[in-house]
Amino acid sequence: MPKTKKLWADPNREGRSKGPKGERFCSRCGNTIQTARILKAHNLCEFCVKELAGKRDGVWSCRSCGRIAPEELREHKGYCKHCICSACGRHDSFVKKTGLCMECSKKIGDFCRICGKEASAQVRHNRGLCDACVKKR
Ligand SMILES: [Zn+2]
Ligand SMILES: [Zn+2]
Ligand SMILES: [Zn+2]
Ligand SMILES: [Zn+2]
């Protein structure tokens, strides 16, 4: 799993040397990299990640899917970028299905947002754009 490997700090390469730079530890509970895996981007240990993901507090973890993404949550009022409408930035239960909130799905309907062509399958699949306009972007 090369993708998850990158997310976690490597205990064989980090946290071995002395000094502030050599220390890799959880910013929340203080676990060091030698006792728990540390999520690189946010300096959180695996236990805190699990706990926070379960909480879905909208500060550390997305209120909808539980993904840890504090920067995105701040930007989108408690939701990660996967859980907000790609057109207006709001969240509702509709976004999971189409990538758009219910209002925008209705508004956009079967028409491409750029060229206005009617192509319901393409528009739904490309979140509001027809295949031709997606390729142009
Ligand atoms: Zn922790
Ligand atoms: Zn989310
Ligand atoms: Zn919307
Ligand atoms: Zn188009």
Side-chain angles (χ1 to χ4, degrees):
M1 292 183 287
K3 224 181 172 188
T4 50
K5 228 182 178 182
K6 266 194 185 164
L7 286 176
W8 302 93
D10 183 352
N12 295 316
R13 293 171 69 191
E14 296 196 47
R16 296 206 156 233
S17 60
K18 291 264 188 285
K21 267 197 175 165
E23 300 265 304
R24 188 60 106 152
F25 59 89
C26 175
S27 60
R28 191 163 172 265
C29 73
N31 263 335
T32 68
I33 191 163
Q34 304 305 337
T35 44
R37 291 198 302 161
I38 306 285
L39 198 62
K40 262 191 191 173
H42 309 301
N43 278 327
L44 287 171
C45 74
E46 57 189 310
F47 306 112
C48 288
V49 166
K50 222 180 194 178
E51 199 193 316
L52 289 167
K55 268 188 186 167
R56 301 189 179 185
D57 59 3
V59 179
W60 281 103
S61 57
C62 171
R63 278 191 222 167
S64 174
C65 69
R67 207 163 67 87
I68 306 282
E71 294 89 359
E72 290 171 25
L73 304 183
R74 233 171 286 143
E75 226 170 282
H76 307 301
K77 298 194 178 117
Y79 296 101
C80 78
K81 66 179 177 199
H82 300 298
C83 294
I84 54 155
C85 171
S86 55
C88 72
R90 272 179 308 198
H91 167 88
D92 70 14
S93 59
F94 223 71
V95 174
K96 234 179 219 166
K97 279 178 255 169
T98 60
L100 293 166
C101 71
M102 207 201 293
E103 297 244 315
C104 291
S105 305
K106 265 196 245 157
K107 235 190 283 172
I108 289 166
D110 297 338
F111 302 96
C112 170
R113 261 193 284 158
I114 291 178
C115 69
K117 190 171 82 180
E118 185 173 6
S120 61
Q122 292 175 13
V123 167
R124 235 159 253 155
H125 180 252
N126 301 322
R127 301 187 169 189
L129 302 178
C130 71
D131 282 351
C133 288
V134 162
K135 266 184 216 142
K136 266 187 251 166
R137 285 215 297 184

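Below, each value reflects all heavy atoms present in this structure, side chains not excepted, and no hydrogens, waters or symmetry copies. One is the number of the first residue; the rest follow in order along the sequence. All ligand and atom numbering here is 1-based and tracks the order in the structure.
Around NE2 of His42, the count of heavy atoms belonging to other residues, nucleotides or ligands within 6.0 Å exceeds 12. Surrounding CD of Glu103 are at most 12 heavy atoms belonging to other residues, nucleotides or ligands under 6.0 Å away.
Relative orientation of the Tyr79 and His91 rings is parallel, given thresholds of 30° and 60° on the angle between their planes.
Rounding to 10°, one obtains 120° for the angle at the Zn ion (ligand 4) between SG (Cys130) and SG (Cys112). With the Zn ion (ligand 2) at the apex, Cys62 SG and Cys65 SG define an angle of roughly 110° (rounded to 10 degrees). At the Zn ion (ligand 1), the vertex angle linking SG of Cys26 with SG of Cys29 is 110° (nearest 10 degrees).
Looking at Arg56, its side chain does come within 3.5 Å of a backbone N or O of Ser64 through a donor-acceptor pair.
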